[in-house]
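Some notes on the structure that comes next.
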Amino acid sequence: MALHVMEEANRCLGCKKPRCQEGCPIHTNIPEVIRLLKAGKLNDAGWMLFENNPLTTVCALVCNHEKQCEGHCVRGIKDTPVHFSVIESYISSTYANQMVKGPAPSNGRKAAVIGAGPAGITIAIILARYGYKVTIFDSRDKVGGVLRYGIPEFRLPDSVLDDLAYRHLELKGIQFRPNTYIGSAITIDDLFRDGYQSVFVGAGLWKPRKLNIRGESLGHVTYAINYLASPEAFRLGERIMVIGTGNSAMDCARTAIRHGARFVSCVNLTDTLTASQYESSYAKLEGVDFIYNKCTMEIREDGVILADSQVSEDGRIAPIPGTEKLYPCTGVIIAVSQGAESNLVTTTKGIDTSKTGLLTVDEDGHTSRPGVFAAGDAASGARTVVEAVANGKRVAEAMHEYMQSLPMPVTTDYPDAPVVEAIDAAAQAEQAL
């Protein structure tokens, strides 16, 4: 592995105007990272990666490198680009084992993060570096959000997320409150009441988009976001049809194969796939079939009715009457994106949303309510992990600036209440014996 990594590093031209860095949404200083590695300074290279991107071990595995750093590499114009993803993965995973530094000195202020996805994790880490006491609230039982429950483990192992949670959250003193849905028993107003000076909303997109066709409620049908969260819970048979051809659809198709499906097809409205070439090529390699230029008309117990598609005069894609055919299958996965859930917003006054339910924010993540910030999928719709990190970095700085403008919090409720000595029940029981 190390030899292969060094071979890739040696291919880097060290451009004075690095196109790779320009193609990275968080502008990772790729030439400098590679230079440090080649100089035998792996720890310095690792520190630089994590300082710029707290989720570098994740991004090395799931970024759309072909359209970002590697897609902009000057070598790729006439040759194969430098595979920085391999280099980044090696450096970050090796250096991560040495990250054992504890919490920063407290600055006496608290911040709340709703959602343990990539944006929320990034913001929590950056605020913790400034000395804020941060609590992350999430409706799931583990840290990761879409990283854990929306990306298959064969692409992003749980062990990477577990290590991230330990080194970046537990060691930094960041508290994680699992299985807690903000907007139900606890509201944003409750958070402000309890002393949090700012709140970040990064709850993600967990509401599946519907096709609104007959048969969508049948027992052998599910949505991509639900399937990927726990594929072992579904029994969809050996012939599965995936409606959609984005990266999420590729994840569903490849996951279905790993859970016993023998025949998997993906249906596309046009003749162009929306998934990245990298992901679609892996799906094809693993035996996934693609059905192009089809509209999904109806889902039945024994299959799906598809019709040929055409582009209408107003630019919309519509079915061609009389071309309907039944395509047999035993299970259907609908993978046509997700939307925002509304409970959190409807239980909070003063937060504006768009027609699609996304939070309305400015470029620094300020919502219409002072002290409440948002970024990531909850504000911009489904985006990539590295874009969520980039937005999170910007919003974290805005939250820091906002909280520093506020007076220091003062606890005034029951200031003179006596402290009762804790009772050790086990010790008392032992004495009684």
Subject >> Member of V201, V199, T360, V372 meeting the side chain to side chain contact (heavy atoms under 4.5 Å, CB included) criterion with T367 >> reply: V372
Original post:
Quick check, are the ring centers of H220 and F234 under 6.0 angstrom apart?
Top reply: no
**OP:** Quick one: pull up CZ in R140 and OG1 in T180 and give me the separation to the nearest 0.5 Å.
**Re:** 13.5 Å
**OP:** Give me the ring orientation class for Y196 and F137: parallel if the planes are under 30° apart, tilted from 30 to 60°, perpendicular past 60°.
**Re:** perpendicular
Original post:
Any idea which heavy atoms bring I188 and I114 closest together, and the distance?
Top reply: CG1-CD1, 4.0 Å
Original post:
Looking at A335 and V242, what are the two nearest heavy atoms and their distance?
Top reply: CB-CG1, 4.2 Å
**OP:** Only one of K393, R394, E387 passes side chain to side chain donor-acceptor pair (under 3.5 Å) with N391; say which it is.
**Re:** R394
**OP:** Answer yes or no: is there a donor N or O on one side and an acceptor on the other, between the side chain of S281 and the main chain of Q277, under 3.5 Å?
**Re:** yes
**OP:** Search all heavy atoms of S276 against all heavy atoms of N247 and return the closest pair with its distance.
**Re:** N-OD1, 2.9 Å
**OP:** Would you kindly say whether Y149 and N226 are connected by a side-chain donor-acceptor distance under 3.5 Å?
**Re:** no
**OP:** Please find out if less than 6.0 Å separates the ring center of F50 from that of H168.
**Re:** yes
Original post:
Side chains of E216 and Y223: donor-acceptor distance under 3.5 Å anywhere?
Top reply: yes
Original post:
So, R177 and D138, do they make that salt bridge, N to O below 4.0 Å?
Top reply: no
Original post:
When rounded to the nearest 0.5 angstrom, what is the spacing between CD1 in I240 and SG in C252?
Top reply: 9.5 Å
Subject >> Check: F373 ring centroid to H366 ring centroid under 6.0 Å >> reply: yes
Original post:
In this structure, which one of Q404, K133, M408, M403 forms a side chain to side chain contact (heavy atoms under 4.5 Å, CB included) with N107?
Top reply: Q404
Original post:
Once the angle between the rings of Y132 and Y130 is folded into 0 to 90°, is it parallel (under 30°), tilted (30 to 60°) or perpendicular (over 60°)?
Top reply: perpendicular
